[in-house]
Q: 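Would you mind keeping the following structure in view while I ask a few things?
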Amino acid sequence: MTPPTFMGLSGRPLSLVISTVSTTAFLLFGYDQGVMSGIITAPAFNNVFTATKDDSTMQGLVTAIYELGCLAGAMFILGVGDILGRRRAIILGAVTMFFGVIIQITAFPGKNPLAQFICGRVVMGVGNGINTSTVPTYQAECSKTSNRGLLICIEGGTIAFGTLIAYWLEYGASFGPDDLVWRFPIAFQIVFALFITIPMLFLPESPRWLLSHQRVEDADRVIAAIRGYEVGSEDTVLERNVIIDSLRAAGGYGQKSTPLKTLFTGGKTQHLRRMLLGASSQFMQQIGGCNAVIYYFPILFQQSIHQTHNVSLLLGGVNMIVYAIFATTSWFVIERVGRRRLFLIGTVGQCLSMVLTFACLIPNRPMPARGAAVGLFTYIAFFGATWLPLPWLYPAEVNPVKTRGKANAVSTCVNWLFNFLVVMVTPIMVTNIRWGTYLFFAAINACFIPVIYFFYPETARRSLEEIDIIFAKGHVENMSYVKASKELPHLQPAEIEEYAMHYGLVDVAAGVGVDVAAGVGGGRDARDEEEKAGVSSGSSNRSNAVIVNERVVEAGLGDGLNMSSDRD
């Protein structure tokens, strides 16, 4: 029997297509992040949207209103994402972005064009908010443990390549007719939106989402197709059952939509702590000043370093080349170096870069100001290598399967809320406090270091189910979760079930055992029937197992699930 297929593909080729489409969503995100930087001060744009001319507040509003749309899209996923599913949400997001582009490029003078353009920016943002809330979760849930970090880092890294494309495309368009200067760079986003929408119509749903809705046969087919297994193979059954164990532990098996209040619970699953860890990474990414550099690099060069518009655009394009090059470094070190160390390295680098920038701007002379340019270049290099991809990876990993969709949406809401804040106030800060802008961001980055060091557990080379055990271990043994992640050995799939039982994560309530024995959940296959028969016949080995497990239950660490000591 051959593996099932989607788009005629299975195994590695199918996984590659899933990753390519997911990556394109973030390429579009990066493109739109950079496209306004050279347009917002262009005379051709200001002549159509006259309110933006020489008005830093209006320029900030037109650019930042996009983030409010993204926030609305993320909140939409927070509400209905678990019901809608990963695949349909991504399709909806891409289609919404398509219509947002159409609204923007059809704005003409004499018909209140600024209101229409702002409306288009908001609609575009809604679509991007939907996608950025969903795509990392979809990628994480379809990936193997060995390459999950790499694939999501590639997604995050392509944000830099999207911004690079936007910078150089609009630099080329700046030499054309007035309409080409700003309409073509915005219209080009349609290409990305179509490349996301069309393949997603034929790609599979996340197997974890399918199992959370008890669609076991569909999930088996997807697991087999993505991994290149046969549907009824032991590998397919094992992977499916490990996921169901995780769902049962979190109370999410058969629950089509996770209640919002679940995000605020503690205990062995630590939903609240894990949501806050993911959301704080997005908060720190934004408040650290990345978009003050990405969105407004040409403006910073014009106002702070006193360069012409053309030279500022050119230097912005060069800066984006540096950004894209360093964004690829995380692809090669993410699993070796780990998440914690990259977070810390990036934070220190960003802090020192901002110190260099503000120190060189204090004399307010052209020669020292060149040092500030170096600071901005080194900032974007450190950011691209670390803080660009990691806040998209960490929430998708650190949250359990039950709350992953909603918690990831919360993280994305935080991202867009503070993205809006930074993009809105940066031109005002640069105009009024000048070098103090960079001093502020240097101080903010310095504050991140103790938070990361004491509260961020390492998730590299861990399966999503192992990460659940890290938090259960920390809670049960009353230790730091950072320490728990260091002490827990790397587990094989069969070992995960044993550790989950030991720390009380496997919770088989009355009546659930029937489903488990039938091979529909709980991490067991048909062997359970034989094991039950062994217990009934008085097998000493099985009896001992039952006694041990009853003691575990009395200690509050288990649920009495029968498990032999010599299981494979």
Side-chain angles (χ1 to χ4, degrees), residues 153 156-157 159-160 163 280-301 303-305 307 315-316 318-334 336-391 394 418-419 422-423 425-426 429-430 433-456:
C153 271
I159 296 174
T163 309
S280 66
S281 69
Q282 293 280 22
F283 165 76
M284 288 189 284
Q285 183 198 58
Q286 294 305 316
I287 206 70
C290 63
N291 283 309
V293 179
I294 294 169
Y295 273 83
Y296 295 116
F297 194 92
I299 295 177
L300 298 179
F301 263 78
Q303 295 186 14
S304 297
I305 308 178
Q307 298 295 321
L315 289 172
V318 173
N319 193 37
M320 288 306 104
I321 293 175
V322 174
Y323 184 30
I325 290 172
F326 278 88
T328 63
T329 59
S330 64
W331 305 355
F332 305 102
V333 300
I334 184 63
R336 281 187 242 170
V337 177
R339 287 46 159 168
R340 271 171 55 84
R341 287 182 185 173
L342 282 181
F343 271 130
L344 290 169
I345 291 168
T347 301
V348 172
Q350 289 180 179
C351 179
L352 294 178
S353 297
M354 285 296 186
V355 168
L356 175 62
T357 301
F358 88 76
C360 292
L361 288 176
I362 291 175
N364 197 27
R365 295 195 304 271
M367 283 302 291
R370 294 178 182 178
V374 174
L376 294 177
F377 275 96
T378 57
Y379 177 94
I380 208 67
F382 277 105
F383 174 78
T386 58
W387 277 97
L388 171 64
L390 287 175
Y394 204 68
F418 286 94
N419 193 317
V422 172
V423 172
V425 303
T426 293
M429 290 174 70
V430 171
I433 63 175
R434 295 183 178 143
W435 58 264
T437 304
Y438 309 99
L439 173 60
F440 169 79
F441 288 124
I444 289 293
N445 276 277
C447 294
F448 298 163
I449 297 173
V451 176
I452 296 164
Y453 185 82
F454 290 109
F455 296 105
Y456 275 46

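Just so you know, residue 1 is the first one in the sequence shown, and it goes up from there.
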Q: Check side-chain contact (heavy atoms from CB on, under 4.5 Å) between Ile325 and all other residues, then give those that pass, not counting sequence neighbours.
A: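 Expected list: Ile321.
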
Q: Supply the atom-to-atom distance Ile287 CD1 to Asn445 CG, rounded to the nearest 0.5 angstrom.
A: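 If we round to the nearest 0.5 Å, Ile287:CD1 and Asn445:CG are 10.0 Å apart.
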
Q: From Leu388 CG over to Gln285 CD, what is the distance, rounded to the nearest 0.5 angstrom?
A: 6.5 Å

Q: Quick one: closest heavy-atom pair of Gly157 and Pro389, and the distance?
A: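 Minimum heavy-atom contact is N-CB, 4.3 Å.
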
Q: Do the non-hydrogen side-chain atoms of Leu356 and Tyr379 ever get within less than 4.5 Å of each other?
A: no

Q: Would you give the length of the straight line joining atom CD1 of Ile452 to atom CG of Leu342, rounded to the nearest 0.5 angstrom?
A: 10.5 Å

Q: Taking the side chain as C-beta and beyond, is there a heavy-atom pair between Met354 and Val293 under 4.5 Å?
A: yes

Q: If the condition is side-chain hydrogen bond (donor to acceptor under 3.5 Å, both in side chains), which residues does Ser281 pass it with, not counting sequence neighbours?
A: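 Result, side-chain hydrogen bond (donor to acceptor under 3.5 Å, both in side chains) vs Ser281: none returned.
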
Q: Under the ring pair (Phe, Tyr, Trp, His ring centres under 6.0 Å) rule, collect the residues that match up with Phe440, sequence neighbours excluded.
A: none

Q: Measure across Ala385 and Thr329 and return the closest heavy-atom pair with its distance rounded to 0.1 Å.
A: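 Result for this residue pair: CB-OG1, 3.1 Å.
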
Q: Can you sort out the partners of Gln282 under side-chain hydrogen bond (donor to acceptor under 3.5 Å, both in side chains), two or more places apart, ordered by chain and number?
A: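 Partners of Gln282 under the side-chain hydrogen bond (donor to acceptor under 3.5 Å, both in side chains) test: Asn415.
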
Q: The criterion is ring pair (Phe, Tyr, Trp, His ring centres under 6.0 Å); which residues satisfy it with Phe418, sequence neighbours excluded?
A: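 Phe418: ring pair (Phe, Tyr, Trp, His ring centres under 6.0 Å) contacts with Phe283.
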
Q: Using 0.5 Å steps for rounding, measure from the CG atom of Leu390 to the CE atom of Met284.
A: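 Here the interatomic distance stands at 10.5 Å.
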
Q: Hey, does Thr386 have a side-chain heavy atom less than 4.5 Å from the side chain of Leu344?
A: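 The answer is no, as the side chains (C-beta and beyond) never meet within the 4.5 Å cut-off.
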
Q: Which residue is it: Phe448, Phe382, Tyr394, Phe383? I am looking for the one with a ring pair (Phe, Tyr, Trp, His ring centres under 6.0 Å) to Phe343.
A: Tyr394

Q: Between CD1 of Ile380 and OG1 of Thr378, what distance do you get to the nearest 0.5 Å?
A: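 Between Ile380 CD1 and Thr378 OG1, I get 10.0 Å after rounding to 0.5 Å.
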
Q: What heavy-atom pair brings Gly375 and Ser353 nearest, and what distance separates the two atoms?
A: O-CB, 3.4 Å

Q: For Phe377 versus Val322, what's the shortest heavy-atom pair and its separation?
A: CD2-CG2, 3.9 Å

Q: Quick one: side-chain hydrogen bond (donor to acceptor under 3.5 Å, both in side chains) partners of Asn319, sequence neighbours excluded?
A: none

Q: Restricting to non-hydrogen atoms, name the atom on Tyr456 and the atom on Ser280 that form the minimum distance, rounded to 0.1 Å.
A: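 Scanning both residues, the minimum pair turns out to be OH-OG, 2.5 Å.
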
Q: Among all residues two or more places apart in sequence or in another chain, which pass the side-chain hydrogen bond (donor to acceptor under 3.5 Å, both in side chains) test with Thr347?
A: Trp387

Q: Is the closest side-chain heavy-atom distance between Phe358 and Arg434 below 4.5 Å?
A: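 Heavy-atom side-chain distance check fails, nothing below 4.5 Å.
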
Q: Just jot down the ring pair (Phe, Tyr, Trp, His ring centres under 6.0 Å) partners of Phe441, sequence neighbours excluded, or say none.
A: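 Result, ring pair (Phe, Tyr, Trp, His ring centres under 6.0 Å) vs Phe441: none returned.
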
Q: Any donor and acceptor pair, going by atom type alone, linking the side chain of Trp435 with main-chain N or O of Cys360 inside 3.5 Å?
A: no

Q: Would you mind reporting whether Ile334 and Arg339 have side-chain heavy atoms less than 4.5 Å apart?
A: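 Answer yes - side chains close enough.
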
Q: My understanding is that only residues two or more places apart in sequence, or in another chain, count here; which of them pass ring pair (Phe, Tyr, Trp, His ring centres under 6.0 Å) with Phe326?
A: none

